[in-house]
Every structure is written in C-alpha cells, then in structure tokens.
*Asks:* 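I'd like to ask some things about the structure below.
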Protein chains: 4
Amino acid sequence: MIQDAAGTGDKRDAILRAALELISERGFHNTPVSLIASVSGVSAGIIYHYFDSKDELIQALYGEVKLDMMRSITLGYSTDLPYRERFDLFWNNSIRHVLSHPEQAKFLEQFENSSFVEPTLPNAVMVEVNRIIEFYTDGVADGVLRDLPVPVLLSLSTGVAASLLKQHVAGALVLDEDLSAVAVDACWDAISA
Amino acid sequence: MIQDAAGTGDKRDAILRAALELISERGFHNTPVSLIASVSGVSAGIIYHYFDSKDELIQALYGEVKLDMMRSITLGYSTDLPYRERFDLFWNNSIRHVLSHPEQAKFLEQFENSSFVEPTLPNAVMVEVNRIIEFYTDGVADGVLRDLPVPVLLSLSTGVAASLLKQHVAGALVLDEDLSAVAVDACWDAISA
Amino acid sequence: MIQDAAGTGDKRDAILRAALELISERGFHNTPVSLIASVSGVSAGIIYHYFDSKDELIQALYGEVKLDMMRSITLGYSTDLPYRERFDLFWNNSIRHVLSHPEQAKFLEQFENSSFVEPTLPNAVMVEVNRIIEFYTDGVADGVLRDLPVPVLLSLSTGVAASLLKQHVAGALVLDEDLSAVAVDACWDAISA
Amino acid sequence: MIQDAAGTGDKRDAILRAALELISERGFHNTPVSLIASVSGVSAGIIYHYFDSKDELIQALYGEVKLDMMRSITLGYSTDLPYRERFDLFWNNSIRHVLSHPEQAKFLEQFENSSFVEPTLPNAVMVEVNRIIEFYTDGVADGVLRDLPVPVLLSLSTGVAASLLKQHVAGALVLDEDLSAVAVDACWDAISA
DNA sequence: AATGAATGAGCCTTCATTCAT
DNA sequence: TATGAATGAAGGCTCATTCAT
C-alpha cells in the first residue's frame, strides 16, 4: 500500500485502498467483497487470489495501516531532544497524521473495537510502539514526568488527543493550531512532575 | 428499560435487555434478530410488533441506555457544591457506572462509532447533558477553570476517563480507587485555572 | 418420506422426495440446493429450517432410503420357511423393489461409492441387515450352504443380483421373471452345499 | 498414458496420471482443474491446450484406463486353452489388475455410475471385449456353459469378482489366493453346464 | 507451448421480514 | 398479542475457462 507505483502489487494495492476507504465509511459488515471489487476495478474472484478470505484481507489491511500510522507518529523522534520537545513531536505528528488520513483513524478504531482477533503486531510496529513507551518510562525515571503507570500517562496524553480528534471529525470543535497548542500545554501540565 | 412495572412492556423489555447483552458482546451485524428473540424468550415475529425494524430496535435501545447512563453520571449533582466536588462527583459516578454496566459502555461506543444516524437526543437526556455543559461554562466564567472551549475541557476530563476505562476493560491497567484518585487530580490540574 | 400424506412434514417430505429424484439422476454435486427447492415447490431458505446443511439433507435421505429398501427386501421373511424359499424371497423382494424404485438404487449406489462418511446405520436398519446375515450363518451351520465366509456368499448372491439389475437398467438385458428364475437357480448352485 | 516414449506427451501424461489419482480418491466434482494442474506440475492454462475442457479430459482418461484394464484381463488368453483354464485366466487377471491398480477400478466405477455420456469404446478396447464375449458364446455353443444370455453369465462371474473386490477394498474380507480359489470354483459351478 | 493472473457465473448459506394461524 | 414456518435477497467463496504475456 501507499508505495508500489506500478507493476505487480498494483492490484493488491488497489484492493486494500478501496477496502480502507469503504470500511472506514460503511463498516466491515456493511462492505461486501463485491463492492470492494467493483470500487477497486477488479473482479470479485481475484480478491481471493491475493487474500485467503475477507477476514484475512482485513487483517492485512490492519497491519499496513497500523504501521503507517505508527511510523508517522514517531517521525523525527530522537532521544537527543528534550522531553517537552519529544512530547510535542508525538502530539503534532499524531494530529497531523489523523487529520490527513481520517480513514485510517476510523478504520483502526473500528478494528480495535471490534471482536476481531487482534493479530500480534509485527516487529516493525513494535519498534515504534516501544519508542513511545520508552519516552514515558524514561521520563518518569528522570523525574520529568509524574510517577504514574504508563497506561495512565497515555490516557492523559494520547487519550486526550484521540478525544479531541474525534470531536473535530464530528464537528464539535475545530482543531486548529492554536487550540492544539493550548491542549498540548494542558496535557503537559497533567503529566509533568 | 430495567424498570417497567409489570405486564405490558415486560416482553419489550426482555427484548431490549437481550439485545443490549448480545450486541455489546457480538456487535450489531453479528446479532441476528432470531438470536435476540430466542435469548429473550420470545418469537422472532413478535419483535416486529414492538419495533418497526431491527434498526429501530437499536435506536430505541440507544435512547434508553443513553438516558440511563447520563442520569447515573449526574446523580447527586448540585450547583451548591464547590466546583472541585462537582468534578469529583461526575468522575466517580462515571467510573462507577461503567464498571458496573460494561455492556452499556460497549454498546454506546459501538453505536456512536458506527454509521448509524445518531438520533436527536430526547429532552430527558439533554437535561442531564446540559448540567454537565453548564458546569464547564460556569467554571470558566467564575475563573475556576481554564478559559478553553468546552469540548476541549471535555476531552481533558471525560476523554481521559473514557480512555482509562477502556484500558481497564482491556486489562492494560487496574482502575482501582487509588489510581482513579491520582488520575482525577491530574485531570483537575489540566483543566483548572 | 413415503408416508405422511398431509400436515407437518409435508414440506420436509417434498424436499426429500425431490432430492432423491434429482440426485439419483444428476448426482449430488450436480444438484444445487436451489434446484431441489424449486422442484419441491419451496424456497431455498426453508431447506435450512429442516436440515442443517446440504450434507445433512443427504445423510437424512440416505437413512430413510436405506431403511425403506431393507424393509422391502426382508418383507415376509420368516425363519420358519425352508432355506431355499427364504433365499427366493430375498431375491424376489430385491428385484421387485429395485425395479419399482430405481431412483433409490441409483441414489444408494452413488452414496455408498462416494466419499461421504457413511453414518452408523440406525438400529431399525441393522435389524433387517442382521436377519440377512443370520440367514447365511444359519445356513452354513445347518450344512445347507457352503462353508464360505458370509461376505463371499453375499457376493455370490446379492452381488449377482446387483449386477443383473445394473445391466437391466443399462439396457443390456431384460430382467423378466424367466431370466430372474434361471439366475436365482444358478446362484443357488453357487452357494448351496 | 503409462507409456509414451519421451518428449511430447510427457506433460499430457502427467496430467492424466494426476487426474486419475485425484479423481479416484476425491471424485470428479471434488477435483478442481487447478489441483490437477498443481499435482501434475503444470500450469492450469496448459491443460486447455491438451484437452478442450475438463469433461474431455475425463473422457480421454476413461478411454486410456479402460483399455489398460481390458488388456490386462485378456493377457495370455488363447482359444487353444481349455474353457476352465481360460475362465481362470480371466478371473486371476482381473483380480490381479484391480488389486495392483485400485485407482483404475475406483475411477471406472465412478465414471460408469455417473451421468457422463459413456463414449463409444474405441476399437482397441472392443477387440478385448469381444474376446471375452466370444468365450461365453463359444462355451454355450460347445455345451460347456449353461445356455444363458451372455449378460447373465457375466453377472454370474464378472459381477461376483467385482463384488468381492469391492468388499476387499472396503475391508469386509481379505481376498487372498485361497478365497479367490474357492470363489472361482463356486462361480464355475454357477455358469458351467 | 507455457504461465498464472483474471473473469464471472453459480453455489451454499444466512437472515431481516412477512404472514397464515 | 403471539408463533414460527416461509420467503427471497444478498453475501462469501469456488472454480472452469480465458487471455495477455
């Protein structure tokens, strides 16, 4: 997905792209394979050449989308930066990625809230996830962040961002740069020591 | 729902209760009307006497669940209480209700994340919603809370609670009284002036 | 099947009857459920009300057909009759039943030659089967039949009847009373001591 | 099949061999062309270079298998031999061939019991078939065999052999040399004058 | 000759909804 | 009110066959 401009994989890619668009909009159970096929310009049969089943198609899509999002979030991250700057980087990357890829956000939310068996995340994803976790554990160890369990710190930061983005998408607020800036300040107050 | 004196409505109630249980567990599209019927001990046909369609059943369920939850959250609320106590009341009521009614939380999340047309909330629900909004607007006006748009304040408080609860349900953390207490403190830091 | 002139079971019966006719003529894999439905005058969906799957439908049909045939073959059988008369009775009953129910014969042959898991025969069927086996074991014990394993005696009698019937159906011969009479004589020569 | 010098036909042969193996085991309708292709190590497309359709492939296979079997059965046959020895030769050849080529037997049985249009047997096959028929007509004319229609004589001999073999394959008996010997005696009793 | 991606018709099965009773 | 048999429209998937390469 995303890459592979032409040649083999073109079709597989078109299928994944159409699936992402459709499922994020209509939901998994409301997106027949035949619709994915027609939107991506292929026959229904060929989908089973690239994926074993509709379910496997979703799983594959999840893996690709998750990786894409995690890499966006940690883009430019370095332990050389001060904590506050690293926090801002995560925050801004997240906001930017979701605003420019709302289908990905909707899809991931659906998938992770559904009764799908969440596959073990591939290493490539875990690498990024670990950088984020490391940020919080190091921050606590260095006395920069409050001594709270990492999941709580995540709720106080990522959880807020997610909530803001949801409201933005729903139209309850407009998440512009200014609003984002005050929100990130408030979050930092919540997590910093 | 839940209550209902006796006689008429008994059956309607049983249907709604079964639907809530099943849908929260299996999802809307994975819950056939026939299953709701058999679990609630009625025939499939009679469901169409009480509801025009499967969709309408869901909508009705949403209204009842939403009201039940909002009333729980504002239980004991009074503008006579100091701001911080009111905030704690919302917080504790929310945590308590979700922990004791996880099906409701799961159902609402599914519903509000789905492509269902969200119906206009009935007045009874709006009454409770308005008390919450009022808390924030008054708090800002009185200089107790930061001068941020209400939706942002909501993300910084309700959003955090929701995130914590989700992680609790997923097993990522155990949301006991202590953890809840430190989290509410952190949230207060984030929203108070 | 066969019985149940009216009332409940009518439809189930019609389905089984159509399935027998169609499958014996066209084969299992060439007989779509939709065709069984239209021939029996019901909708495709209702078939799954009476049977769990196409496979189970076949299994049920097998059970009913097998029982019907076995009962026809042993009709009028009694250990009071002399061995030769009992043998003639089996022989004539078999011929008569197959000639008047060729679909049953074709269906059973297909089923028993297929890779279906042959279900354990129900007791009702085993009762009839045992009477036949008993005939051979007793006959050997009483010195009336050659001292050969029962399966071999079966091949020398039942096997010949089956072969003749197959040729009759294929048009290679006409199995009239006279031919049947000389054949049964020859078979008796083959198995009698 | 089986033979074929080298080069051209190699692939056609591999296809037929795989088809025989697979179809005898899984049945015609349960053997996709794609499976025949992968087992025989060729592409699915090329099969349509050698055969016009899946059906034609089966018909061709039938012709080759039938010829192979008939030639095995008449191997060593000569009108110079006494009738009883010729009969034993047919019998033993049949048993031997089927025991060493069970796939062929299974395939032929399926084919001949199916609703395939049985093709006119090629001359090469008819030559062998005629030698067998001639054996019976001559035997009757010479007073060695009972004066019965050839098909009846066939049922009394070939039919018995087929039945025994089926039971052997099904595990109902073990067709060793001794059992074969007593069975052939019994059959001879049934057909000899 | 050969490959294997691609097509599209058809199959089994599910399920929301209706209707005779 | 209440039942549950019945319908019919999809939906996921398979597979014989074609075709660009």
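By convention in this document, chain letters (A, B, ...) are assigned in the order of the sequence lines, proteins followed by strands, and residues within each chain are numbered from 1.
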*Asks:* Which residues satisfy the side chain to side chain contact (heavy atoms under 4.5 Å, CB included) test with Pro32(B), sequence neighbours excluded?
*Replies:*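 Testing Pro32(B) for side chain to side chain contact (heavy atoms under 4.5 Å, CB included), a comparison that skips the adjacent residues, returns Arg26(B), Ser34(B), Leu35(B).
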*Asks:* Rounded to whole Å, please give me the gap between CD1 in Ile15(D) and P in dA1(E).
*Replies:*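 To the nearest whole Å, that distance equals 12 Å.
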*Asks:* Specify the separation, in whole Å, of atom CD1 of Ile47(A) and atom P of dG11(F).
*Replies:* 13 Å
*Asks:* List for me each residue that meets side chain to side chain contact (heavy atoms under 4.5 Å, CB included) alongside Ala18(A), sequence neighbours excluded, and say none if there are none.
*Replies:* Ile36(A), Val39(A), Ser40(A)
*Asks:* Identify each donor-acceptor pair in which a side-chain atom of residues 46-56 of chain C lies under 3.5 Å from a protein atom, sequence neighbours left out, and give them as a table.
*Replies:*
| unit_1 | atom_1 | unit_2 | atom_2 | d |
| --- | --- | --- | --- | --- |
| Ser53(C) | OG | Asp55(C) | N | 3.4 |
| Ser53(C) | OG | Glu56(C) | N | 3.2 |
| Lys54(C) | NZ | Phe28(C) | O | 3.1 |
| Lys54(C) | NZ | Thr31(C) | O | 3.0 |

*Asks:* Is the shortest side-chain N/O distance from His49(C) to OP1 or OP2 of dA6(F) below 4.0 Å?
*Replies:* no
*Asks:* Which part of the nucleic acid, if any, lies within reach of Phe51(A) when heavy atoms closer than 4.0 Å are counted: base, sugar-phosphate only, or nothing?
*Replies:* nothing
*Asks:* What nucleotide, of dT7(E), dT7(F), dA6(E), holds the atom closest to the side chain of Lys11(A)?
*Replies:* dA6(E)
*Asks:* Would you kindly give the OH-to-P distance between Tyr50(A) and dG12(F), to the nearest whole Å?
*Replies:*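 Distance check: Tyr50(A) OH to dG12(F) P gives 20 Å.
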*Asks:* Who are the salt bridge (Lys or Arg N to Asp or Glu O under 4.0 Å) partners of Glu109(B), not counting sequence neighbours?
*Replies:* Lys166(B)
*Asks:* Once each nucleotide of nucleotides 13-21 of chain F is scored for protein heavy atoms under 4.0 Å, what B/S/- sequence comes out, 5' to 3'?
*Replies:* BBSSBB---
*Asks:* Return the 5'-most residue of the pair Gly41(D), Val42(A) with respect to DNA chain E, ranking by each residue's nearest nucleotide.
*Replies:*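 Final value for this comparison: Gly41(D).
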*Asks:* Please report, rounded to the nearest Å, how far the C1' atom of dA6(F) is from the CG atom of Asp10(C).
*Replies:* 14 Å
*Asks:* Would you indicate whether the side-chain heavy atoms of Gln59(B) and Phe116(B) approach each other to under 4.5 Å?
*Replies:*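 Yes. Closest side-chain heavy atoms under 4.5 Å.
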*Asks:* Checking Glu21(B) now: which residues fulfil salt bridge (Lys or Arg N to Asp or Glu O under 4.0 Å) with it, not counting sequence neighbours?
*Replies:* none
*Asks:* I'd like to check Glu25(A) versus Asn30(A) (side-chain heavy atoms, cut-off strictly below 4.5 Å). Are they in contact?
*Replies:* no
*Asks:* Given the rule that a pair is Watson-Crick or G-U wobble with both distances under 3.5 Å, how would you write DNA chain E in dot-bracket, using | for pairs to a different strand?
*Replies:* .||||||||||||||||||||
*Asks:* Say you pick atom C1' in dT21(F) and the same atom in dA1(E); how far apart are they, in whole Å?
*Replies:*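 Each nucleotide's C1' atom is 13 Å from the other's.
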*Asks:* Please enumerate all residues that pass salt bridge (Lys or Arg N to Asp or Glu O under 4.0 Å) together with Glu103(C), with sequence neighbours excluded.
*Replies:* none
*Asks:* Under the rule for side chain to side chain contact (heavy atoms under 4.5 Å, CB included), what residues qualify as partners of Ala170(B), not counting sequence neighbours?
*Replies:* none
